[in-house]
Amino acid sequence: MKAVLFDMDGVLVHSEDAWFAAMNEVAAELGFPAITRASFDRGWGQGVQEDADEHYGGMDIDELEAHYTEAVPRHLHRLTVPRPTILDEVRALGLRVAVVTNTPQPLADQSLSLAGLTAEVVCAAGEAAAKPAPDLIHLALSRLGLCADEVVFVGDSASDAGATESAGVRLIGLGQPGWRRIEDLDELVPLLRQAS
């Protein structure tokens, strides 16, 4: 193993409350019905296209991304970081780190910056097809110069599971099944030590 790829939202940062508030702000601005928490939770981790289809009448995804880019920063004060040192801890094991997220690039960069997290590579929505397609993972592998069997992916959603399966990458499921399952990021470093 040479690198660990991380999903961002729900793994490195807990941004669910920020996104829920922002998505409802956008829905209100555009005249769409309020998004229920149950509906939001079911779609957590999906791409902008799925959001557009499910909550915003199939609107153009570039337009929706522009609304997100404007609205989400107003709610990032709700963002929490479950383990601020996790990327440094993984690097201390001699492993490289990358972030692979369905969050649009400007918002991913802002969220990581606010969280004080720095990754060697950040692959975000807009650069390739969103997860569950494997494209963002393939992009990260290309930028790292690594093969699928040289990395693991830490993710928490069905989109992450679908993307890793399609890309041939082992999934460490955070609260979900995978090659290995963990319930908390505190379990990750000991698991990586064992797997090395």
Which heavy atom of [X] sits nearest a heavy atom of [Y], and at what distance?
X	Y	result
His14	Pro82	NE2-CG, 3.7 Å
Thr69	Pro106	CG2-CB, 4.3 Å
Gly155	Leu171	N-CD1, 3.7 Å
Ala128	Asp135	CB-CB, 3.7 Å
Val81	Val13	CG2-CG1, 4.4 Å
Pro33	Ala27	O-CB, 3.7 Å

- Message: Suppose we screen for ring-ring contact (aromatic ring centres under 6.0 Å, His included). Which residues come up paired with Phe40, at least two apart in sequence or across chains?
- Response: Phe20, Trp44
- Item | Listed partners of Tyr68 passing ring-ring contact (aromatic ring centres under 6.0 Å, His included), at least two apart | Trp19
- side chain to side chain donor-acceptor pair (under 3.5 Å) partners for Thr103, two or more places apart: Asp9, Thr101
- Item | Main-chain N/O of Ile35 paired to Ser39 side chain as donor or acceptor, under 3.5 Å |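 Answer holds: no.
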When hydrophobic residues are tied together by side-chain contacts of less than 4.5 Å, even through go-betweens, does [X] share a cluster with [Y]?
X	Y	value
Val4	Val121	no
Val48	Leu30	yes
Leu12	Val152	yes
Val189	Leu174	yes
Leu188	Val100	no

Where at least one partner belongs to [range], residue pairs that pass salt bridge (charged side-chain N to carboxylate O under 4.0 Å, His left out), sequence neighbours excluded:
range	result
residues 162-177	none
residues 91-103	Asp88-Arg91, Arg96-Glu120
residues 16-32	Asp17-Arg37, Glu25-Arg74, Glu29-Arg74
residues 185-196	Arg83-Asp186

Which pairs would a plain distance check flag for residues 176-183, meaning a side-chain donor or acceptor within less than 3.5 Å of a matching protein atom at least two apart in sequence or in another chain?
from, atom 1, to, atom 2, distance (Å)
Gln176, NE2, Ser157, O, 3.2
Arg181, NE, Glu183, OE2, 2.5
Arg181, NH2, Gly175, O, 3.1
Arg181, NH2, Glu183, OE2, 3.3

- Task: Decide yes or no on side-chain contact (heavy atoms from CB on, under 4.5 Å) for Phe6 and Val90, but give the supporting numbers first.
- Result: CA-CA 11 Å; Phe6 288 88; Val90 170; 3.9 Å; yes
- Message: Measuring only between side-chain heavy atoms, which start at C-beta, is Leu117 closer than 4.5 Å to Val99?
- Response: no
- Item | Note, Lys2 side chain near Val151 side chain (heavy atom, < 4.5 Å) | no
- Among all residues two or more places apart in sequence or in another chain, which pass the salt bridge (charged side-chain N to carboxylate O under 4.0 Å, His left out) test with Asp7? Lys131
- Task: To the nearest 0.5 Å, tell me how far Gln46 CD sits from Asp51 CG.
- Result: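 Those atoms lie 4.5 Å apart.
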- Task: Find the distance between CG (Leu79) and CG (Leu112) and round it off to the nearest 0.5 Å.
- Result: 9.0 Å
Taking only distance into account, with no hydrogens and no angle test, what donor-acceptor pairs under 3.5 Å do side-chain atoms of residues 56-64 form with protein atoms, sequence neighbours excluded?
from, atom 1, to, atom 2, distance (Å)
Tyr56, OH, Met23, O, 2.8
Asp60, OD2, Asp62, N, 3.1
Asp60, OD2, Glu63, N, 3.0

In a table with atom names and distances, give each donor-acceptor pair under 3.5 Å that connects a side chain of residues 136-149 to protein atoms at least two apart or in another chain.
from, atom 1, to, atom 2, distance (Å)
Arg143, NH1, Val122, O, 3.4
Arg143, NH1, Glu127, OE2, 3.2
Arg143, NH2, Glu127, OE2, 2.7

- Message: I need the full list of side chain to side chain donor-acceptor pair (under 3.5 Å) pairs touching residues 107-116, with sequence neighbours left out, sorted by first then second residue.
- Response: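 Sorted pair list: Gln105-Asp109.
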